[in-house]
Chemist: 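This is the structure I have questions about; it appears just below.
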Amino acid sequence: MTTTTADSDLPAICRVNQLPAHVGSTVTVQGWLNNRRSSGKLLFLQLRDGSGTVQAVLYKGAVEDSQFKELDALPQESSLEIVGEVKEDARSPGGVELSVTAVRVVGLAEPYPITKGVDTDSTAFLMDHRHLWLRSSRQAATLRIRSRVIKAIRDFFDSDGFTCVDGPIFTPAACEGTSTLFEVDYFGDPAYLTQSSQLYAEAAAMALGKVYTFGPTFRAEKSKTRRHLTEFWMVEPEVAFARLDDVMDLAENFLVSIISETIGDCRADLELLDRDCDKLLKMVRPFPRISYDEAVEMLNDNGHPFEWGNDFGAPDEEVLTKLFDKPLLVHRFPAQVKAFYMKRDPDDDRVALCVDVLAPEGYGEIIGGSERADDLQFLLDQIKAHDLPQEAFEWYLDLRRYGTVPHGGFGLGLERMVAWLCGTHHIRECIPFPRMLHRIYP
RNA sequence: UCCCCGGUAGCUCAGUUGGUUAGAGCAUCUGACUGUUAAUCAGAGGGUCGUUGGUUCGAAUCCAACCCGGGGAGCCA
């Protein structure tokens with residue numbers, strides 16, 4: 001419980017989720033009117049404060065008749081300070097309720113657009129009202145889980161000797177073509193919003209050993225699927241002297257840590273979202289690891305013809321992930337479908353030392369990582385073969401000129417991770433204000 | 001960029017051989033009710049049927065173009 005400052009005449013303020021500890025006390029609850037029901041001389045005000053909702057019971061006569069009448073007609077989402085005694089009552093949702101002695105209307109609301117008939121099928125309407133939709137219980141729960149996932153991510157790396165070194169948002173040149181980059185005017189020259197901090201993370205790893213970057217990422221792809229945003233958050237660890245097996249171990253430990261940490265603190269929110277936490281807690285090490293070659297074989301064995309050399313599409317991933325009940329690690333893809341900076345497998349020059357982590361239940365690729373090419377001449381050849389401007393990469397090539405070492409890392413898409421954890425169908429609900437094709441408001 | 005679906009009240013939707021004044025639930029407004037749980041009950045207001053053009057005596061309904069949105073593919077995290 002905290003004490004008030006501005007309105008010190010009111011009893012101590014209590015958040016809704018703390019009310020059970022204050023049965024018998026008179027407290028103030030600050031929040032918004034979630035719902036209202038009346039029964040003649042009896043009025044039920046359901047108040048939401050971000051930590052939960054509580055039912056406040058008001059008898060006619062407890063306040064002046066004129067105020068009772070005003071409260072009996074109060075629009076949804078009006079903001080209130082309610083003073084009342086905390087009482088246990090089995091008839092109240094949540095077990096405790098407020099027996100009201102005073103109410104202050106802080107802000108009278110206009111008729112609220114999101115009404116009972118609006119459900120999650122009304123996508124365009126809810127997206128246009130995203131700023132209000134956040135007030136619904138499912139959206140608020142999702143954002144609390146997102147916040148906890150972010151903390152779990154930072155805690156995992158911070159407690160394992162990693163240094164957080166965020167990459168720049170403005171970048172000078174494309175690392176993989178400009179078609180998927182957002183161009184901005186940078187004092188007369190073109191610049192681009194970052195679509196990965198990986199190259200910068202590699203530079204930082206040569207200075208600090210173990211680093212991670214965490215920030216927004218921008219992709220100008222015109223993707224319209226439940227797995228895509230044009231602006232999303234990505235965490236990218238990078239470790240000097242790490243080999244592909246180390247990268248896969250790190251990814252596994254990382255995912256298990258996020259799941260257990262988040263469930264530890266957010267079980268109620270996950271259950272509100274109808275997510276089966278026990279099922280998630282079965283995601284323990286080791287995760288299945290298969291090579292691309294084995295994956296191709298599995299696809300063909302399961303009546304899903306697939307030719308070696310192609311990248312997996314969403315339907316291919318679905319077939320593969322349905323064969324397992326844990327995240328699936330697929331490693332050593334054909335180099336031709338992967339980025340120029342990935343190291344080749346010394347045992348098979350056709351494949352790259354890379355790994356994709358595919359989440360179960362159709363959430364797709366949540367992690368992509370690799371061991372990086374550490375040989376200067378190989379990178380020079382790759383840049384030429386990919387038709388990239390070498391001068392833009394001189395700084396990156398310097399990392400191979402001045403004490404090159406094996407190293408690797410991966411990137412995890414935050415919203416895809418949160419969507420999988422929450423069981424949310426579309427990742428747009430897993431970021432406060434999603435940016436998509438056709439969507440930049442609010 | 002390609003494929004599929006849609007656009008009727010603030011919201012969700014119904015509305016076909018083309019035919020009076022376009023309906024329902026929720027929301028809003030008015031009233032009733034001393035334990036409601038998405039409260040209930042009675043009444044009221046609320047519409048450029050996405051836009052433009054065409055066919056027709058007559059179009060929400062049929063045709064065309066366009067606009068907007070949704071789902072998926074590709075690409076990716």
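Note that the coordinates shown come from a computational prediction; the quantities given were computed from them, not determined experimentally. Quick note on labels: first sequence line is chain A, next is B, and so on, each numbered from 1. Hydrogens, waters and symmetry mates are skipped; everything else that's a heavy atom, side chains included, is used.
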Chemist: Heavy atoms under 4.0 Å, any strand shown: does A:E415 hit a base, just sugar-phosphate, or nothing?
Modeler: nothing
Chemist: Just grab all the ring-ring contact (aromatic ring centres under 6.0 Å, His included) pairs involving residues 282-303 of chain A, residues at least two apart or on different chains.
Modeler: A:Y292-A:W308, A:Y292-A:F312, A:Y292-A:F333
Chemist: Between B:C33 and B:G50, how far is it from one P atom to the other, in whole Å?
Modeler: 44 Å
Chemist: Ring of A:Y112 versus six-membered ring of B:A27: centres under 5.5 Å and planes under 30°?
Modeler: no
Chemist: With both distances under 3.5 angstrom, what nucleotide forms a Watson-Crick or G-U wobble pair with B:C49?
Modeler: none
Chemist: Is atom NZ of A:K326 surrounded by more than 12 heavy atoms (other residues, nucleotides or ligands) closer than 6.0 Å?
Modeler: yes
Chemist: Taking atom P in both B:G18 and B:A60, what distance in whole Å separates the two?
Modeler: 13 Å
Chemist: Reckon A:K60 touches a base, only the sugar-phosphate, or nothing at all at heavy-atom distances under 4.0 Å?
Modeler: nothing
Chemist: Provide, to the nearest angstrom, the distance between the CZ atom belonging to A:R227 and the C1' atom belonging to B:C75.
Modeler: 10 Å
Chemist: I need the full list of side chain to side chain donor-acceptor pair (under 3.5 Å) pairs touching residues 59-70 of chain A, with sequence neighbours left out, sorted by first then second residue.
Modeler: none
Chemist: Could you go through the side-chain contact (heavy atoms from CB on, under 4.5 Å) check for A:W420 and A:M283 one step at a time?
Modeler: CA-CA 12 Å; A:W420 172 44; A:M283 306 291 161; 4.0 Å; yes
Chemist: Would you call the rings of A:Y396 and A:F393 parallel, tilted or perpendicular, where under 30° means parallel and over 60° means perpendicular?
Modeler: perpendicular
Chemist: Paired with B:C26 by Watson-Crick or G-U wobble geometry, both distances under 3.5 Å: which nucleotide is it?
Modeler: B:G10
Chemist: Taking atom types as modelled, find out whether A:R130 and A:Q139 have a side-chain donor-acceptor pair closer than 3.5 angstrom.
Modeler: yes
Chemist: Side-chain N or O of A:R428 less than 4.0 angstrom from OP1 or OP2 on B:G71?
Modeler: yes
Chemist: May I ask you to say what A:G364 touches in the nucleic acid, namely base, sugar-phosphate or nothing, with a heavy-atom cut-off under 4.0 Å?
Modeler: nothing
Chemist: May I ask which nucleotide in the shown strands pairs with B:C62, Watson-Crick or G-U wobble, both distances under 3.5 Å?
Modeler: B:G54
Chemist: Calculate the interatomic distance between A:R226 atom CZ and B:G69 atom P; express it in whole Å.
Modeler: 22 Å
Chemist: Between A:S92 and A:F232, which has a closest nucleotide on RNA chain B that is more 5'?
Modeler: A:S92
Chemist: Any base atoms under 4.0 Å from A:D311, or only sugar-phosphate, or nothing? Heavy atoms, all strands.
Modeler: sugar-phosphate
Chemist: Applying salt bridge (charged side-chain N to carboxylate O under 4.0 Å, His left out), which residue pairs with at least one partner in residues 33-42 of chain A are found, sequence neighbours left out?
Modeler: none
Chemist: Looking at B:G69, which nucleotide sits across from it as a Watson-Crick or G-U wobble partner, both distances under 3.5 angstrom, or is there none?
Modeler: B:C5
Chemist: Which one of A:E221, A:R219, A:Q195 satisfies the side chain to side chain donor-acceptor pair (under 3.5 Å) criterion with A:T180?
Modeler: A:Q195
Chemist: Using atom C1' in both nucleotides, what's the gap between B:C57 and B:C13 to the nearest angstrom?
Modeler: 32 Å
Chemist: Between A:G368 and A:L74, which residue's closest nucleotide on RNA chain B lies nearer the 5′ terminus?
Modeler: A:L74
Chemist: Could you check whether A:I367 gets within reach of a base, just the sugar-phosphate, or nothing at all, counting any heavy atom under 4.0 Å?
Modeler: sugar-phosphate
Chemist: Between B:G72 atom C1' and A:E318 atom CD, what is the distance in whole Å?
Modeler: 12 Å
Chemist: Rounded off to whole Å, could you give me the CZ-to-P distance for the A:R37 and B:A32 pair?
Modeler: 21 Å
Chemist: Where do A:Y341 and A:Q198 land on the side chain to side chain donor-acceptor pair (under 3.5 Å) test, with the steps shown first?
Modeler: CA-CA 10 Å; A:Y341 50 73; A:Q198 183 208 306; 2.9 Å; yes
Chemist: Give one of base, sugar-phosphate or nothing for A:E231, where a contact means two heavy atoms less than 4.0 Å apart.
Modeler: nothing
Chemist: Using a 4.0 Å heavy-atom cut-off, does A:S38 contact any base of the nucleic acid, only the sugar-phosphate backbone, or nothing at all?
Modeler: base
Chemist: Any donor-acceptor pair under 3.5 Å joining the side chain of A:S223 to the base of B:C76?
Modeler: no
Chemist: Any side-chain N or O of A:K222 below 4.0 angstrom from OP1/OP2 of B:U1?
Modeler: yes
Chemist: Under 3.5 Å, which N/O atoms of the protein pair with N/O atoms of nucleotides 4-10 of chain B?
Modeler:
none

Chemist: For nucleotides 42-50 of chain B, which of its nitrogen or oxygen atoms have a protein nitrogen or oxygen under 3.5 Å away, and what is each distance?
Modeler:
none

Chemist: Kindly say whether, by distance alone, the side chain of A:H438 makes a donor-acceptor pair under 3.5 Å with the base of B:C68?
Modeler: no
Chemist: What integer distance in Å separates A:L181:CG from B:C75:P?
Modeler: 18 Å
Chemist: Rounding to a whole Å, what distance do you find between A:L414:CG and B:A77:P?
Modeler: 15 Å
Chemist: B:G46 and B:U36: how far apart are their C1' atoms, nearest whole angstrom?
Modeler: 29 Å
Chemist: Give one of base, sugar-phosphate or nothing for A:A314, where a contact means two heavy atoms less than 4.0 Å apart.
Modeler: sugar-phosphate
Chemist: Do A:F254 and A:F157 make the cut of ring centroids closer than 6.0 angstrom?
Modeler: yes
Chemist: Provide, to the nearest angstrom, the distance between the OH atom belonging to A:Y59 and the P atom belonging to B:U36.
Modeler: 11 Å
Chemist: Is it the case that B:C76 (base atoms only) and A:R416 (side chain only) share a donor and an acceptor within less than 3.5 Å, ignoring hydrogens and angles?
Modeler: yes
Chemist: So does A:T225 reach the base of B:G71 with its side chain, donor to acceptor, closer than 3.5 Å?
Modeler: no
Chemist: Provide, to the nearest angstrom, the distance between the CZ atom belonging to A:F44 and the C1' atom belonging to B:U36.
Modeler: 4 Å
Chemist: Taking only distance into account, with no hydrogens and no angle test, what donor-acceptor pairs under 3.5 Å do side-chain atoms of residues 227-239 of chain A form with protein atoms, sequence neighbours excluded?
Modeler:
from   : atom 1 : to     : atom 2 : distance (Å)
A:H228 : ND1    : A:T225 : OG1    : 2.7
A:T230 : OG1    : A:R435 : O      : 2.9
A:E236 : OE1    : A:S197 : N      : 2.8
A:E236 : OE2    : A:S196 : OG     : 2.8
A:E238 : OE1    : A:R372 : NE     : 3.3
A:E238 : OE1    : A:R372 : NH2    : 2.8
A:E238 : OE2    : A:R372 : NE     : 3.0

Chemist: Classify the nucleic acid contact of A:H129 as base, sugar-phosphate or nothing, counting any heavy atom under 4.0 Å across all strands shown.
Modeler: nothing
Chemist: Within a radius of less than 6.0 Å around CG of A:D387, do more than 12 heavy atoms belonging to other residues, nucleotides or ligands occur?
Modeler: no
Chemist: Quick one: label A:P75 by what it contacts on the DNA or RNA (base, sugar-phosphate, nothing), any heavy atom closer than 4.0 Å.
Modeler: nothing
